[in-house]
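Quick notes on the structure that follows.
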Amino acid sequence: MLLIMIDLEDLRARPDAYQKAAKDKGLKIDVKKFLKLDKERKDLLGKVESGRAEKNAVSKKIPTMKGKEKETTLEEMRTLSISLKEQDAKLSEIEEEWEMTQLELPTIPLDSVPIGKDETENREVRKWGDLPKFNTSSGFSASFKIKDHVKLGEDLDIIDIPRGVKLAGARSYFLKGDGARLEMAVLQFALDHLYKKGWTQFTPPYMASWECLMGTGFFPGAEEQTYAVGAEEKRGSGVEADDLYLIGTSEVSVASYHKDEVLKEEDLPTRYAGYSPCFRREAGTYGKDTKGLYRIHQFQKIEQVVLCKADQEEGLKLFEEIRTNAEEVLQSLNLPYRIIDVCTGDMGKGKVFMQDIETWMPSRNSYGETHSCSYLGDFQARRLNIKYEDKDGNKQFVHTLNNTCIASPRILIPLLEIYQQEDGTVTIPDVLRPYMGGQAVIG
RNA sequence: GGAGGGAUGGCUGAGUGGUCGAAAGCGCACGACUCGAAAUCGUGUAGACCCCUACGGGUCUCGAGGGUUCGAAUCCCUCUCCCUCCGCCA
C-alpha cells in the first residue's frame, strides 16, 4: 500500500514554502532533493506501467494462439517478465526512500507563529490570575515556611516517591490516600466540565499500533520516547512493525478512532474527550526536572481531540474553544497561568499552530507547562486517512486539533503548593470537594 | 491453552488459472411513470496513483507480504485479524 502523507501537488507547486517551513522548524529536509526523487519515481513508474500494460495485453491474447506463434510469444514474455521484475525492484527502492522522506516533511505554520529555534523563543501572549501572596521574586519567603509538593506529599503521606522508585525505578511514584483521591477528583472534574459542554468521553486502548503512532505524527521521531510491547517478537515480512506501543497520550488512540473512514460533514466537528494513563520513557532527559512529579514515566490525562472540516477559519475557532475549555478548568481551580505562542522550532513538524498553557508552580518559581494546544491542519488526517464528504460530494481530509484538558499528577504541583496552609494542611478547592465526598482539607 | 471455520465492492453473497475490478440481491444516485408519493421500470454506483486542456486511457488493489505462471480472487508459503466450541479467568 502506497503511502501519500502530504499534498504532493501543493509541494510541487510551492516547494520554497515547504523548504522555509522546514528551516523554521529546524528540520534537516532537502525539498529539492525530494522533488528530484519524486520526478525519478514518476518517470520510472511510467515505464513500469507501460511495460505492465504491454504484458497484460499480450497475456490476454495467448489463449487464442497456437503452435509456433504461441511458443515464441511465451518465450518473449518470459524475458519481458524478468526485465519488469528488475525495474519493479528499482521502483520499490525509490518508493521506499520517497515514502520515508514524506514522513519527515513539515506542514507550513501560520504567519502569526513566531520564528525561533527552540523553547527560549516562545512568546508569552497573556497571563491570568494573581500569583499566590506567599510567593516573591526570590521564591519562597512568606510569613510561614512554604513547602514544595514533594515535602507536602511526604508530610501529608499522600505522595510516596521513594517507594515508587523502589518498585519501578527513577521517575516513578505512588499517590496515596487523599493524594490518589485528589487526582481522581481533578480528573473527574475536568471530564464533567467537558461532558456538560456535550463532549463525548472515551476510554481508549492504552496500547496502539505502529500505524497509529505514525498516523498521529509521533513516528518517526518519538520512538525513543515510547514504550514498546512485544518488540522482540518480529513476525511476518511486512514493512510495518506489528508491535504495540504504550500511548504517551490518548490523542494517539482517539485521533485514530476514525482511521480509514469517510465521515459525513454534518458529523463534524467531533468533540472527543479521551481519558488515559500516558507512558513516556523520557529518554535523554537525565538530570532534567528530576525532582518531584514534574517529569515522570506515567501519568493520567484528559485530552480533547477534535476533527473538523478542512477550513482554517473553523479550525482556529475550534482551537480557541479547546484552549478556553482548559482555561476554564484552571480558572475554576483558581490556578494562575499564562498562554504561550510556541515558536516554529519548538512546535513539531506537523503543527500549524500551537500554544502551551503554563501554570504557576511556586516550587519552580515559574510557570510550568501543563497543557499543549495544537492545530495540525490535515497532517494527521492524511497519515491516518480520515476524510469527510462535503455537501458537493467531494471527499476531503479532515483537520485535527487537540489540547490537554487536565494532566495529573503534574497539575497537583500547583494545586498542592498554592493551596497549602501555614499549619501544613492543604485546602481542597471548592469545585473539587463534591468529588471528594465534601472533604475540604487534606491534613 | 486445545479443536475447527472464515476474510471478496457501502452491505449480503457468488466466484477453484485467462472471457473477473469481479454475478446476483440489497442500499444509494439520477431518470421515467405519478397531482405527489409508494410500487414498478431504466441507467449509473469502489479506491489510490500515473498520462491527458478535455474526451479518454493506463497501472495497482478481492485481509497483508512473498512465491509459482505468459497470465492469480482462484495454486503454494508466511503473517495478521475475525468467528464457533472446549478449557481457564478479572
Side-chain angles (χ1 to χ4, degrees), chain A residues 1-13 34-35 37-99 101-102 203 205-215 228-245 256 258-267 378 381-398:
Chain A
M1 182 75 176
L2 199 63
L3 301 170
I4 308 286
M5 315 293 180
I6 49 151
D7 189 340
L8 279 173
E9 277 183 44
D10 192 45
L11 180 85
R12 288 166 188 151
F34 174 76
L35 285 177
L37 187 70
D38 180 53
K39 174 135 195 336
E40 234 175 280
R41 172 192 171 257
K42 245 164 107 170
D43 293 346
L44 186 56
L45 186 66
K47 270 188 215 163
V48 169
E49 289 193 349
S50 57
R52 284 180 191 156
E54 191 197 337
K55 191 179 80 170
N56 290 342
V58 178
S59 284
K60 252 179 207 163
K61 286 189 219 147
I62 283 179
T64 65
M65 294 179 178
K66 282 188 186 115
K68 200 163 188 185
E69 188 195 9
K70 190 167 180 175
E71 288 306 312
T72 47
T73 309
L74 285 179
E75 193 49 51
E76 281 166 22
M77 292 299 280
R78 272 190 276 271
T79 320
L80 179 61
S81 244
I82 290 165
S83 77
L84 267 178
K85 254 177 203 164
E86 282 165 9
Q87 282 185 320
D88 262 338
K90 190 158 180 218
L91 183 62
S92 308
E93 217 173 278
I94 290 174
E95 285 192 331
E96 198 174 317
E97 191 186 340
W98 182 74
E99 283 182 347
T101 311
Q102 270 190 67
T203 303
Y206 305 152
M207 295 183 284
S209 64
W210 180 87
E211 282 88 346
C212 296
L213 272 300
M214 190 279 296
V229 183
E232 76 283 4
E233 230 183 303
K234 293 273 187 213
R235 288 180 296 268
S237 45
V239 286
E240 287 97 331
D242 45 78
D243 305 324
L244 288 174
Y245 300 88
S256 302
H258 288 298
K259 182 168 152 52
D260 296 321
E261 292 182 21
V262 179
L263 307 173
K264 294 195 187 92
E265 182 169 340
E266 59 261 36
D267 294 334
D378 64 7
R382 285 179 179 275
R383 293 171 162 236
L384 289 166
N385 190 27
I386 304 175
K387 295 180 181 173
Y388 71 101
E389 195 171 325
D390 66 20
K391 289 190 179 73
D392 304 322
N394 299 317
K395 284 170 190 161
Q396 300 192 59
F397 290 107
V398 299

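All chains are named by letter (A, B, ...) in the order of the sequence lines, taking the proteins before the strands, and each is independently numbered beginning at 1. Any value given below was found using the heavy atoms of this structure, including those in side chains, with hydrogens, waters and symmetry copies removed.
- Residue contacts shown for A:Lys70 are absent, as no nucleic acid heavy atom lies under 4.0 Å away.
- Nucleotide B:rU16 forms no Watson-Crick or G-U wobble pair with any nucleotide shown, as no partner meets the under 3.5 Å limit on both distances.
- Between A:Leu80 atom CG and B:rU69 atom C1' the separation is 14 Å, expressed in whole Å.
- Between B:rG71 and A:Ser81, a contact under 4.0 Å exists linking OP1 or OP2 to a side-chain N or O.
- Nucleotides B:rU19 and B:rC33, compared at atom P, are 40 Å apart to the nearest Å.
- Under the 4.0 Å criterion applied to side-chain N and carboxylate O atoms, A:Asp43 and A:Lys39 are assigned as salt-bridge partners.
- Note on A:Arg52: every side-chain N or O is 4.0 Å or more away from OP1 and OP2 of B:rU59.
- Between A:Leu80 and the options A:Glu76, A:Arg78, A:Met77, a side chain to side chain contact (heavy atoms under 4.5 Å, CB included) holds for only A:Met77.
- Judged by Watson-Crick or G-U wobble contacts below 3.5 Å, the nucleotide B:rC49 has B:rG58 as its partner.
- One P atom belongs to B:rC26, the other to B:rC82, and the distance between them is 32 Å to the nearest Å.
- A:Lys387 comes within 4.0 angstrom of sugar-phosphate atoms only, judged by non-hydrogen atoms across all strands, and of no base.
- Atom CD1 of A:Ile62 is separated from atom P of B:rU19 by 13 Å (rounded to the nearest Å).
- Across all strands shown, B:rG2 is found opposite B:rC85 as a Watson-Crick or G-U wobble partner, with both distances under 3.5 Å.
- We find that CD of A:Glu211 is positioned 12 Å from P of B:rG65, with the value rounded to whole Å.
- A:Met207 CE: 12 or fewer foreign heavy atoms inside a 6.0 Å radius.
- Nearest nucleotide to the A:Asn56 side chain, out of B:rU68, B:rG18, B:rU59: B:rU59.
- A sub-4.0 Å separation between OP1 or OP2 of B:rC50 and a side-chain N or O of A:Arg12 is present.
- As a whole-Å value, the separation of A:Glu49 CD from B:rU59 C1' is 4 Å.
- In a base pair of the Watson-Crick type (N1 to N3 plus N6-O4 or O6-N4) or a G-U wobble (N1-O2 and O6-N3), with each distance short of 3.5 Å, B:rG44 is matched with B:rC28.
- The residue A:Leu45 sits close only to the backbone: its heavy atoms come under 4.0 Å of sugar-phosphate atoms, none of a base.
- Base pairing annotation: B:rC35 forms no Watson-Crick or G-U wobble pair, as no partner gives both donor-acceptor distances under 3.5 Å.
- Distance alone, capped at 3.5 Å, places no donor-acceptor pair between the A:Arg12 side chain and the A:Leu35 backbone.
- Among the protein residues, A:Lys395 comes within range of the sugar-phosphate backbone only, with heavy atoms under 4.0 Å from sugar or phosphate atoms but none that close to a base.
- Contact check, A:Lys42 against B:rC51: a side-chain N or O comes under 4.0 Å of OP1 or OP2.
- Atom-to-atom, CD of A:Glu54 to P of B:rG71 comes out at 13 Å; the value is rounded to the nearest Å.
- B:rA7: Watson-Crick or G-U partner is B:rU80, with both key distances under 3.5 Å.
- In this structure, B:rA73 forms no base pair with any nucleotide, since neither Watson-Crick nor G-U wobble geometry is met with both distances under 3.5 Å.
- Look at CD on A:Glu261: it is 13 Å from P on B:rG10, rounded to the nearest Å.
- Rounded to a whole Å, the CG atom of A:Asp7 is 10 Å from the P atom of B:rC49.
- Residue A:Glu266 places its CD atom among more than 12 non-hydrogen atoms of other residues, nucleotides or ligands, all under 6.0 Å distant.
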